[in-house]
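Chain naming here is simple, since letters A, B, ... match the order of the sequence lines and numbering starts at 1 in each.
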There are 2 protein chains.
Amino acid sequence: MASPLEKARKDPESVKAKILLAARRIFGVYGFHGTTIRMVAQELGMDISTLHYHWGDKRDLYEAVVLDINHDLGQNLINVEKMIHGLALPDRLAISIDYMTEYLFAHPEISNLIIFRYFGKTREEAGIDFKVPEFTYDIARSMGLVKNKKNVSSHVMLMVLALMNSMHCFISGEDFFRPIVALNRKEYIAEAKKALKFIHIPAFTQGSNQTDK
Amino acid sequence: MASPLEKARKDPESVKAKILLAARRIFGVYGFHGTTIRMVAQELGMDISTLHYHWGDKRDLYEAVVLDINHDLGQNLINVEKMIHGLALPDRLAISIDYMTEYLFAHPEISNLIIFRYFGKTREEAGIDFKVPEFTYDIARSMGLVKNKKNVSSHVMLMVLALMNSMHCFISGEDFFRPIVALNRKEYIAEAKKALKFIHIPAFTQGSNQTDK
DNA sequence: TATTGTCTCCATCAAATGATTGAACTGTAA
DNA sequence: TTACAGTTCAATCATTTGATGGAGACAATA
């Protein structure tokens with residue numbers, strides 16, 4: 001009855017949980033086609049047939065990873081929403097950026113996998129999907145940018161998407177960007193946060209008197 | 001002597017040029033591991049051995065695609081630099097964003113492939129690379145953001161990277177984002193340009209009196 | 001016509017990869 | 001002890017995929 005994913009979440013010490021973690025990491029680095037189940041198995045020091053025993057086929061494992069990440073991300077967005085409730089727009093933005101950036105830098109495979117899904121295609125289309133549209137709308141709403149309850153302007157949606165993308169890009173592109181700016185990890189994270197706030201807070205605040213055209 | 005890539009560029013009607021074009025498109029959609037040479041061959045209605053005859057192995061073809069895209073992108077950045085020379089910063093930004101967005105929307109595989117390279121890994125590391133660091137520095141310079149000739153601040157570099165990333169994300173994510181905002185292609189492109197300018201011009205102009213801390 | 005060089009494709013190979021099978025090992029309950 | 005469910009792994013299979021060989025088609029030229 002309980003899916004492997006549910007079992008994995010129930011007991012973080014279980015083999016299933018370990019598999020899920022390794023799969024997140026490796027799918028996050030190499031993408032779906034770029035990872036082989038042998039890579040995941042080797043990372044765990046176990047046989048590929050043990051993987052199949054616990055999770056079924058490669059697609060099942062990948063979809064479990066996507067679901068798991070969706071769950072984590074949604075959970076954290078809820079947390080943020082609670083933290084910023086009632087504050088002024090610039091503060092809401094600053095706190096959201098700080099919190100989410102910190103969280104995503106600690107789990108870069110989330111940004112990696114979301115970006116893979118946005119910008120790439122798998123040969124066989126997946127039935128499973130990220131909840132980006134829902135998340136985008138939720139963020140716009142919790143930022144107080146949705147004036148007309150049932151008709152969010154495209155402009156606002158694109159602004160929110162741009163903010164999310166900027167964050168994912170800094171996190172996911174760390175290996176590529178950090179050598180360019182010659183910073184250590186700690187400095188890079190700090191500068192990324194700074195840049196995100198520097199760019200997006202003025203954009204949203206100037207927008208507050210024209211977001212809805 | 002002349003490489004297949006040079007031959008392809010010399011004669012756009014040649015088989016090699018057709019192969020290069022198809023390879024750009026398909027690598028751009030599915031990434032390196034996600035595309036098979038059979039997919040490229042089928043797209044062209046030719047046999048895989050004909051592909052090998054003209055280009056060598058898969059890696060060669062991929063690297064030719066990367067070189068080709070680098071070349072095109074560099075060429076267009078030079079064009080932009082000429083267009084904006086001598087103008088004020090907000091105008092430089094607006095024109096650059098308009099021009100590059102238009103260009104990249106016409107060749108989305110460029111954004112796709114650059115993003116794949118930023119954010120993903122191939123199992124065997126490629127010897128070939130995108131010239132992002134050089135391009136980033138050139139853009140910062142042509143925007144007039146480089147004050148100290150030999151020491152560009154990390155902050156400015158990250159700002160430029162964020163701008164480039166925002167553009168690539170809107171272009172590369174069109175299939176994913178456009179249904180969310182419910183716009184047709186023409187409207188989406190217009191809104192993307194608007195959002196990019198709306199977000200990044202204030203960021204850079206407010207930054208002109210504190211870019212170098 | 002014969003020759004040569006260019007190009008294309010069918011057939012095939014070898015390696016990589018996803019998936020399965022059956023034996024063996026473990027601990028627990030009867 | 002025996003029986004059984006849960007787990008792991010070595011061995012193996014079938015398909016996909018990158019790559020090659022050799023024969024044939026075609027055009028240009030002597």
Inset, instruction - Return yes if a side-chain donor-acceptor contact under 3.5 Å exists between A:His33 and A:Thr122, otherwise no. - result: no
Inset, instruction - For A:Tyr99 and A:Asn76, test the side chains for any donor-to-acceptor distance below 3.5 angstrom and give the result as yes or no. - result: yes
Nearest whole angstrom, please: distance from the [atom2] of [N] to the [atom1] of [X].
X       : N      : atom1 : atom2 : value
B:Leu61 : D:dA19 : CG    : P     : 10 Å
A:Ile48 : C:dT21 : CD1   : C1'   : 12 Å
A:Trp55 : C:dG18 : CH2   : C1'   : 18 Å
B:Tyr53 : D:dG22 : OH    : C1'   : 14 Å
B:Met46 : C:dC9  : CE    : P     : 7 Å
A:Leu44 : D:dT8  : CG    : P     : 11 Å
A:Asp60 : C:dT20 : CG    : C1'   : 15 Å
A:His52 : D:dA10 : NE2   : C1'   : 15 Å

Legend entry - side-chain hydrogen bond (donor to acceptor under 3.5 Å, both in side chains) partners for B:Glu109, two or more places apart: B:Arg24
Nearest to the side chain of [X], which nucleotide is it out of [options]?
X       : options               : value
B:Arg38 : D:dG18, C:dC7, D:dT7  : D:dG18
A:Asp57 : D:dA19, C:dA19, D:dC9 : C:dA19
A:Asp47 : C:dG18, D:dA10, C:dC9 : D:dA10

Legend entry - Passing candidate, ring-ring contact (aromatic ring centres under 6.0 Å, His included) with B:Tyr62, options B:Phe32, B:Phe116, B:Tyr30, B:Trp55: B:Phe32
Side-chain N or O of [X] less than 4.0 angstrom from OP1 or OP2 on [N]?
X        : N      : answer
A:His54  : D:dT8  : yes
B:His33  : D:dT17 : no
A:Arg123 : D:dT17 : yes

Legend entry - Set of side-chain contact (heavy atoms from CB on, under 4.5 Å) partners for B:Arg178, sequence neighbours left out: B:Glu174, B:Arg185, B:Tyr188
Inset, instruction - Select base, sugar-phosphate, or nothing to describe what B:Ser49 touches, counting heavy atoms under 4.0 Å on all strands. - result: base
Legend entry - First encountered from the 5' end of DNA chain C, between A:Gly56 and B:Lys16: B:Lys16
